[in-house]
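These notes concern the structure reproduced below.
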There are 2 protein chains.
Amino acid sequence: MPTPQLPDASISAVERETGLSKDTLRIWERRYGFPLPLRDAHGERLYPQEQVHKLRLISRLLDRGLRPSQLVAAPLEALIARASSDSGGSARAPEDGELLDTTLRLLAAYDEAGLRSHLSVALQRLGLQRFVIDFAARMNLRVGEAWSLGQLSISQEHLYTEQMQHQLRQGIGATYPGARHPGVMLTTLPGEEHQLGLLMAQACLAVEGIRCVSLGVQTPAWEISEAAQRQGVEVVGLSFSEALRQKVALQMLKDLRARLPEQIEIWAGGALWARLRRRLPGVRFITRLDQLPRVIADYRAQYDTWSEHTG
Amino acid sequence: MPTPQLPDASISAVERETGLSKDTLRIWERRYGFPLPLRDAHGERLYPQEQVHKLRLISRLLDRGLRPSQLVAAPLEALIARASSDSGGSARAPEDGELLDTTLRLLAAYDEAGLRSHLSVALQRLGLQRFVIDFAARMNLRVGEAWSLGQLSISQEHLYTEQMQHQLRQGIGATYPGARHPGVMLTTLPGEEHQLGLLMAQACLAVEGIRCVSLGVQTPAWEISEAAQRQGVEVVGLSFSEALRQKVALQMLKDLRARLPEQIEIWAGGALWARLRRRLPGVRFITRLDQLPRVIADYRAQYDTWSEHTG
DNA sequence: GTCAATTTTTGTCCAGGACAAACGTGCCCA
DNA sequence: TGGGCACGTTTGTCCTGGACAAAAATTGAC
């Protein structure tokens, strides 16, 4: 990969790129001797790209539940071995991946027009629900994988995101606005700027005929709480990508839970929660979109029972 | 509003909610004597909601360019006065704003369904070009104004953005992919996360029949450069909202200009440039979308002359 | 008025100490 | 086998207070 030479990064740049706090970076240096950044003329840390890269890798492995002591001091090769053994190890059959492969090929070739028409055809052929659950969800994984392997550049990933977003909105726009229960407000918490997960959820809700209000990304907790109450929704749906740290996300979820009235449920979606250990009272975790219909059915069963008794 | 009684917030919680870094919070306390949090049994800061609220207000005012020294030490009432007085001053004529007023009214009422249908009707009636130039552009201003006057909440602004984005994408999706010159690649630079300007530009380009590739928001300069050359576009279009600092933006523009081959033009759009003094060689500034057709015509005239002589 | 130089303001960085919450381990008991 | 409890270890966040660079405001010269 002919990457142009990037300058060394400041500590706040590294914090932004890896999600590791400045404090953490400094204390690792003190305790484990890594990262060991250069210093500028003024004694401030300058992290070479090589170290940033390793930190990114470590950060990802941490999210899988590995301990820092085993990672931070380890040589790069050991980390790569771990990274690939752990996730790629789940030897998946190539499955019916023709749609996926074609998409990836168009993307690799920077073929924007081809991509647009390909996705559009896929949407028409599969219908919105299967487009989202069977295709888009898997495609996101493939693209993320290809990116982390260096097979796709950032701009290609952006191109993909943009086109996919376009198709999803086309699909959602074509559905008739629903009115069924539960009324859902969709958004993401501050720091989570990925729209795709949100749109995929919105599509799944739309095909269920649900009344669904999306606020887009990054709504502060107190705003979510106020808006949910004023709109009279029954569920607040939040999307989380793996870019966010689970710990941070949990903290924000707890905070939101404390602000919302009890009778409003929180549905927290995204692959981020796949490795979650603890539960959180009053929050429903949805790790895969294909679980959504089940969750909705559960809610409706409960709601119907409730309204039978009281209405 | 029956807000549940919230516990005092830790410093990291305040950082999350106000966007002010821990360092900033601590140094304000040292310098200005505010915020002055309680301490828990272990000496750690605990911010009462009242202080958090004031910090949020300060944070907003800072974004408008006010200085911390005048805000942090000031009493709450003075801040509130400032917040309301500062922006409302530019008493402008109401102009032919029926569409605008209705939109604002629906937004104020949190009427999502009404908003959706209203915008959709407006798009159908005006057509994509006039929808963007005559309506969306003005509406954005109105919404921003209403927000800064405290008439709209963040969540209402999000609701507006989301719905508008939806309509724009519907409109763009309905246009036939163009192939006319110049080929344009659209994106924003890192730090600029507003999509709406980008989509409005994309719509204007689409109705001109232009081949237009959007990479979405926040593409690093080196990626833009590489992608532009691989895609063979003739123009890189960038959108800038007023959220970005002009100085920072200019610096990034210069950097991008240095990376791009000379024959690829840069078109920099957005209200941010309205107060620009200096010019930047090789960069065309477009402060209002209605100038875009003219710029395109200029380019084509130039291009045609050029291709007559060489082709 | 415009531009450059200077002063003030302001946020980020640093070091190194402290500690609580999370985590792992070993043990007991059902 | 598995669930609960006590114990040591790991780990991230918080603390203080000093320093300084970048940004903004001010001054001064032309």
Side-chain angles (χ1 to χ4, degrees), chain A residues 8-16 18-47 55 58-59 61-74 245-251 254 275-280, chain B residues 8-16 18-47 55 58-59 61-74 191 244-251 275-279:
Chain A
D8 300 337
S10 71
I11 194 169
S12 53
V14 176
E15 176 181 43
R16 227 184 308 116
T18 64
L20 302 164
S21 79
K22 299 190 221 327
D23 273 327
T24 301
L25 289 168
R26 283 194 275 253
I27 207 144
W28 281 3
E29 184 179 337
R30 210 197 300 174
R31 289 199 182 133
Y32 310 115
F34 181 89
L36 207 54
L38 311 173
R39 298 292 178 135
D40 70 3
H42 215 76
E44 309 207 337
R45 293 172 172 78
L46 282 181
Y47 296 83
L55 285 169
I58 292 174
S59 171
L61 289 171
L62 281 182
D63 287 339
R64 293 202 205 155
L66 297 175
R67 311 300 310 276
S69 57
Q70 306 162 352
L71 296 174
V72 182
R245 327 224 86 222
Q246 201 182 72
K247 208 167 181 179
V248 177
L250 267 176
Q251 198 54 51
K254 263 187 206 164
R275 292 184 194 84
L276 182 69
R277 305 184 178 184
R278 293 169 303 167
R279 314 201 139 216
L280 198 57
Chain B
D8 299 339
S10 71
I11 193 169
S12 54
V14 177
E15 176 181 42
R16 226 187 307 118
T18 63
L20 302 165
S21 78
K22 299 192 226 311
D23 274 327
T24 301
L25 290 168
R26 284 194 276 252
I27 206 137
W28 281 3
E29 183 179 338
R30 212 197 297 175
R31 290 202 181 130
Y32 309 115
F34 181 89
L36 207 55
L38 312 172
R39 300 290 178 136
D40 69 4
H42 212 77
E44 309 205 339
R45 291 171 174 80
L46 282 181
Y47 296 84
L55 285 168
I58 292 174
S59 173
L61 290 170
L62 281 181
D63 288 339
R64 290 202 210 156
L66 296 175
R67 311 302 311 276
S69 58
Q70 305 165 349
L71 297 174
V72 181
L244 216 57
R245 319 211 133 237
Q246 201 184 71
K247 208 166 182 179
V248 177
L250 267 177
Q251 197 53 53
R275 291 184 203 90
L276 184 68
R277 304 179 179 187
R278 294 169 300 168
R279 313 201 140 216

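Numbers restart at 1 for each chain; the letters A, B, ... are given by sequence-line order, proteins then strands.
Rounded to whole Å, the distance from CG on Leu62(B) to P on dG11(C) is 7 Å. For Glu29(A) and dG16(C), the CD to P distance is 11 Å, given to the nearest whole Å. Rounded to whole Å, the distance from CG on Leu71(A) to P on dT10(D) is 15 Å. The CG-P distance, from Leu46(A) to dT12(C), rounds to 17 Å in whole Å. In this structure, the CD1 atom of Ile11(A) is 16 Å from the C1' atom of dA21(D), given to the nearest Å. Computed from coordinates, the Leu20(A) CG to dT13(D) C1' distance equals 14 Å when rounded to whole Å. For the pair Glu15(A) CD and dC14(C) P, the interatomic distance rounds to 11 Å; values are reported in whole Å. One interatomic measurement links the two molecules: CG of Asp40(B) to C1' of dA21(C), which rounds to 13 Å at whole-angstrom precision.
Applying the 4.0 Å criterion to OP1 and OP2 of dT16(D), one finds that Arg45(B) has a side-chain N or O inside that range. Taking 4.0 angstrom as the limit, Thr24(B) places a side-chain polar atom (N or O) nearer than this to OP1 or OP2 of dT12(C). The phosphate of dG12(D) (OP1 or OP2) has a side-chain N or O of Trp28(A) nearer than 4.0 angstrom. Dashed line: the shortest gap from a side-chain N or O of Arg26(B) to OP1 or OP2 of dC15(D) is under 4.0 Å. Close to dT13(D), at under 4.0 Å from its OP1 or OP2, lies no side-chain N or O of Lys22(B).
Side-chain contact between Ser10(A) and Glu44(A) is absent, with no heavy-atom pair separated by less than 4.5 Å. Side-chain atoms of Ile58(B) and Leu20(B), non-hydrogen and from C-beta on, never get closer than 4.5 Å to each other. A heavy-atom distance below 4.5 Å is found between the side chains of Arg45(B) and Arg39(B).
In this structure, Leu55(B) CG and Leu71(B) CG are separated by 11.0 Å, a value rounded to the nearest 0.5 Å. The CG atom of Leu61(B) sits 5.5 Å away from atom CG of Leu66(B), with the distance rounded to the nearest 0.5 Å. The CD atom of Gln70(A) sits 10.0 Å away from the CG atom of Leu62(A) when rounded to the nearest 0.5 Å. Considering CD of Glu15(B) and CG of Asp23(B), their distance stands at 8.5 Å, rounded to 0.5 Å.
The Pro68(B) side chain lies nearest to dT10(C) when the options are dC15(D), dC13(C), dT10(C). Of the candidate nucleotides dG24(C), dC14(D), dT12(C), dT12(C) has the atom lying nearest to any side-chain atom of Ser21(B). For Ser69(A), the side-chain atoms get nearest to dT11(D) when compared with the rest of dC15(D), dT11(D), dT12(C). Comparing atom distances between the Arg67(A) side chain and each of dA21(D), dT12(C), dT11(D) picks out dT11(D) as nearest. The listed nucleotides are dC13(C), dG12(D), dG11(C); the one nearest the side chain of Ser10(A) is dC13(C).
Pairing each heavy atom of Ser59(B) with each of Thr18(B), the nearest pair is OG-O, 3.1 Å. The nearest pair of heavy atoms linking Trp28(A) to Pro35(A) is CB-CD, 4.1 Å. The minimum heavy-atom distance linking Lys22(B) with Ser12(B) is given by the pair NZ-CB, 3.7 Å. In terms of heavy-atom proximity, Pro37(B) sits nearest to Glu29(B) at CD-OE1, 3.5 Å.
Defining each end axis of the helix from dG1(C)-dC30(D) to dA30(C)-dT1(D) as the rotation carrying four pairs' C1' atoms onto the next four, with five pairs an end, the two axes are found to diverge by 40° to 10 degrees.
Of the residues in residues 31-39 of chain B, those with a non-hydrogen atom less than 4.0 angstrom from any atom of DNA chain D are Arg39(B).
For Arg30(B) against dG17(D), a side-chain-to-base donor-acceptor contact under 3.5 Å is present.
Where Gly43(A) and His42(B) each meet DNA chain C at their nearest nucleotide, the meeting point lying more 5' is that of Gly43(A). Heavy-atom distances to DNA chain D give each of Asp23(B) and Glu44(A) a nearest nucleotide, and the one nearer the 5′ end belongs to Asp23(B).
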